[in-house]
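Note that the structure is a prediction, hence the values are computed from the model and not measured. The analysis underlying the following values was restricted to heavy atoms, covering all of them including side chains, and did not include hydrogens, waters or symmetry mates.
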Amino acid sequence: MRSLYEHRPSHGARSAYADLALVNGRIYTGDPGLPWCSALAVAGGRIIARGDRSGIDHAIGAGTRIIDLGGRFAMPGLYDMHTHPDLALAPRYADDLDIGIVDPTPAQVRDAVLAYAAEHPDREWIYGQYFVRYTFRQAGLVPGKDWLDTVMPDRPVALLDRMWGTMMVNSLALERAGITAATPDPTNGYLERDPATGEPTGLLIDGAYALIHAAMPSTPVPVLRAAYRDGIRYQSARGVVASKYVHVCENRLEALHALDTAGELTMRIEAAISWQDDIFPVRRRWELLAGERHYYRSARLNANAVKFHFDGTVEPRSSYLITPWDGANTGWAGKINLTPEHLADMLWDMDRQGIRVIAHCTGDAASDTFLDAVAEARRRPGGLGVRHQCAHCTILHGSNLRRFRELGVTAEFSPVSWYPSRFVSGARSGYGPERLARAYNVKGVLEAGGIAVIGTDWPVSPLDPWIALETLVTRANPWGEMEGRFGEPISLEQAISVMTRNGAWSMDMEDRAGSLEIGKSADLIVLDRDLFAIEPQGNIHATKVDLTFMAGELVHDRLNVESDATWQGEAPKLW
């Protein structure tokens, strides 16, 4: 079992010398006061000296571990401020259905369901991912219970779509969940219905599909632990030192706590409790928020955050927009899942308890309303000024850019797919050219003085932060498969700051981490290439992380399988 991370008794004996020294490197510190150095010394997990070799010699003793970087490039570790490893990987360990095709046709979905059913005759539910609405449109078919009943009428089936915004179920699944025409829509989603009869069609949008999850067996803790372990292993190997895992419940916190206790939590995790049943039920929500969350607290794990879907997504056109969606239903502008009054009261209440609120906002009206609620919470007495987070920020109204700085709200973006990808094609056809021209405006937030961070949002996008770093700088396709550039890029220095210092700020750690400064945690990575010496497009995303240090502890060593690092070798392939 590990010792407590980073903890030393206040009266314990301490060496006058460094535990670790990195020398002969090209080290980008992220500190404007000293952006570059060639050597660092670390003691007790913190940086105690930096400069050139002669500048740290005084800190090197007989017990100091010296690593010669041989001229390699090093920099602060990365921050991924929004991801869901459990959603992506738990199906693997639970042996759920994974169709495994990027854009499966209805025939491929059918074949996968039938094959899975034949291979798993004892499974009560057939549950998995994913289907894509537009492939049904291309085939002239309508997804829903009628189609799924023709495939599998006698076992309950539930399939998520690629964007995690829609679940398709058959009639037996609706029956098991007790969903009928009389079932009201939840406040955080809706049931698609037959316009004449009100009967559910078998498509459940946004939080409505939690009604199905509530009827299914919950995911076991060992499955979740295995899923998180793989995700952490991957993130450490890709240089991530801190992450926010959003939409957690009691089982998920138990799984993370088990990893923490076993010494396998090789980065800092802020776990955000699901404020409402957006994906699955959280049965002890109020107990967790009232204080049970502190049971899981350590130097690397805290659950002082809540997450909720404030609006929807582009594919079912449920993002909440200032102007109506185009198309036949011209009056429809999407919807929000909490009333402004509910949101304002909740924000104030969470703020008084020091709990961060992370709100999924894809539409400009959603982020506008969220910022209004933060402003209201700031006006009321008793608040602690918590740095709340506007998640995704897909479409922002121009007049809101400055409000992120004024209100101290983190603007989180999801840049892994910011190139001419299928994701952007879908967004373009959904949002339309005017809105898309101002989409993902990280440059605008930075120029207005705000704090922008990134979240990979895996499994909606790949978990790899290096794709995000490249697309922040280029806004072009890393693989060069399509022409064109999408949106406004930022500089490499700005992008590194977004993914390091700004991440630390959004976790209230900027005085202790996020850059390589004296007194800060030694969270740093050594790469196989110098980011400042290469052409960004086509190269940054392929960066290899040779070494990852977390508070001075070597947690990943790519090149040496005999290393004493927690993880050795290449990052595992997860998708």
Side-chain angles (χ1 to χ4, degrees), residues 4-5 7 81-82 84 86-87 186-189 207 210-211 213-214 218-221 224-225 228 242-261 265 268-310 336-360 370 373-391 408-410 506-509:
L4 291 174
Y5 304 118
H7 174 71
M81 297 291 86
H82 185 142
H84 314 264
D86 54 320
L87 301 184
T187 57
N188 56 341
L211 298 171
H213 279 152
S218 57
T219 308
V221 171
L224 294 167
R225 176 177 174 172
Y228 281 130
S243 193
K244 294 182 182 179
Y245 288 180
V246 301
H247 283 306
V248 303
C249 61
E250 46 280 88
N251 277 6
R252 283 158 170 79
L253 284 172
E254 285 292 341
L256 288 168
H257 179 62
L259 289 169
D260 194 15
T261 304
L265 203 56
R268 298 186 181 90
I269 301 290
E270 180 176 286
I273 300 162
S274 204
W275 174 258
Q276 54 195 2
D277 296 338
D278 285 325
I279 297 177
F280 42 75
V282 186
R283 293 182 172 84
R284 296 188 63 76
R285 174 182 297 110
W286 307 120
E287 291 86 346
L288 288 168
L289 293 174
E292 278 189 10
R293 68 187 187 281
H294 299 311
Y295 169 76
Y296 305 99
R297 184 73 166 100
S298 78
R300 294 192 183 174
L301 177 63
N302 83 79
N304 293 326
V306 296
K307 164 76 193 308
F308 62 95
H309 288 162
F310 193 35
I336 47 176
N337 298 325
L338 284 67
T339 67
E341 293 80 6
H342 175 177
L343 178 60
D345 288 348
M346 182 269 263
L347 258 165
W348 180 52
D349 192 24
M350 294 298 101
D351 202 281
R352 290 188 302 167
Q353 297 185 60
I355 296 175
R356 191 184 326 285
V357 176
I358 303 175
H360 163 115
F370 179 68
V374 177
E376 173 62 20
R378 298 281 190 253
R379 282 191 287 270
R380 297 186 189 181
L384 299 177
V386 174
R387 294 163 179 174
H388 303 296
Q389 184 164 325
C390 187
V409 172
T410 300
S506 80
M507 293 183 77
D508 304 290
M509 297 180 59

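- Using modelled atom types, no side-chain atom of H213 and backbone atom of P281 make a donor-acceptor pair closer than 3.5 Å.
- For D86 and H247, the side-chain atoms include no donor-acceptor pair closer than 3.5 Å.
- When the options L256, L253, L87 are evaluated for a side chain to side chain contact (heavy atoms under 4.5 Å, CB included) with Y245, the one that passes is L256.
- Atom CZ of residue F370 and atom NE2 of residue H360 lie 12.5 Å apart, to the nearest 0.5 angstrom.
- In this structure, the side chains of N251 and S218 come closer than 4.5 Å at one or more pairs of heavy atoms.
- Of all heavy-atom pairs spanning A391 and H82, the tightest one is CB-ND1, 3.8 Å.
- The closest donor-acceptor contact from the side chain of W348 to the backbone of P381 lies under 3.5 Å.
- Atom CE of M507 and atom OG of S243 lie 7.5 Å apart (nearest 0.5 Å).
- Two residues are said to be in side-chain contact when any heavy atoms from C-beta on lie closer than 4.5 Å; V357 and V386 fail this criterion.
- When every heavy atom of A258 is checked against every heavy atom of R225, the shortest pair comes out as CB-NH1, 3.7 Å.
- A pairwise comparison of heavy atoms in G189 and N337 identifies N-OD1, 3.8 Å as the closest pair.
- In this structure a side-chain-to-backbone donor-acceptor pair under 3.5 Å is missing from D277 to A210.
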Worked verdict on D508 versus R387 for salt bridge (charged side-chain N to carboxylate O under 4.0 Å, His left out)
CA-CA 8 Å; D508 304 290; R387 294 163 179 174; 3.7 Å; yes

Set out, in order, the CA-CA distance, both residues' side-chain angles and the distance that settles side chain to side chain donor-acceptor pair (under 3.5 Å) for D351 and H388, then state yes or no.
CA-CA 9 Å; D351 202 281; H388 303 296; 2.7 Å; yes

Go through the steps for L338 and Q276 under the test side chain to side chain contact (heavy atoms under 4.5 Å, CB included), then give the verdict.
CA-CA 10 Å; L338 284 67; Q276 54 195 2; 3.5 Å; yes

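- The main-chain N or O of L289 is found under 3.5 Å from a side-chain atom of R293 such that the two form a donor-acceptor pair.
- Side-chain contact between V246 and H84: present, with at least one pair of heavy atoms (C-beta onward) separated by less than 4.5 Å.
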Show your reasoning for whether side chain to side chain contact (heavy atoms under 4.5 Å, CB included) applies to V306 and I355.
CA-CA 7 Å; V306 296; I355 296 175; 4.0 Å; yes

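- Side-chain atoms of E250 come within 3.5 Å of backbone atoms of R283 as a donor-acceptor pair (strictly under, hydrogens ignored).
- Of all the heavy atoms in T339 and H342, the pair that sits closest is OG1-N, 2.9 Å.
- Checking E270, K244, K307 one by one against Q389, the side chain to side chain donor-acceptor pair (under 3.5 Å) holds for a single residue, K244.
- Judged purely by atom type and a 3.5 angstrom limit, R285 has no side-chain atom pairing as donor or acceptor with the backbone of I273.
- Distance CG/L343 to CE/M350: 11.5 Å, rounded to 0.5 Å.
- R297 contributes no side-chain N or O that, together with a main-chain N or O of A303, makes up a donor-acceptor pair within less than 3.5 Å.
- Distance CD1/I336 to CG/N188: 12.5 Å, rounded to 0.5 Å.
- Taking the six-membered ring where tryptophan is involved, the planes of W275 and W286 are perpendicular, since the angle between them exceeds 60° and thus also 30°.
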Could you check R380 against D345 for salt bridge (charged side-chain N to carboxylate O under 4.0 Å, His left out), going step by step and ending with a plain yes or no?
CA-CA 10 Å; R380 297 186 189 181; D345 288 348; 2.9 Å; yes

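- Here the side chain of D260 pairs no donor or acceptor atom with the backbone of R300 at under 3.5 angstrom.
- Of all the heavy atoms in F310 and A359, the pair that sits closest is CB-CB, 4.4 Å.
- Remark: the backbone N or O of Y228 is not paired with any side-chain donor or acceptor of R252 at under 3.5 angstrom.
- The minimum heavy-atom distance linking L301 with Y296 is given by the pair CD2-O, 3.4 Å.
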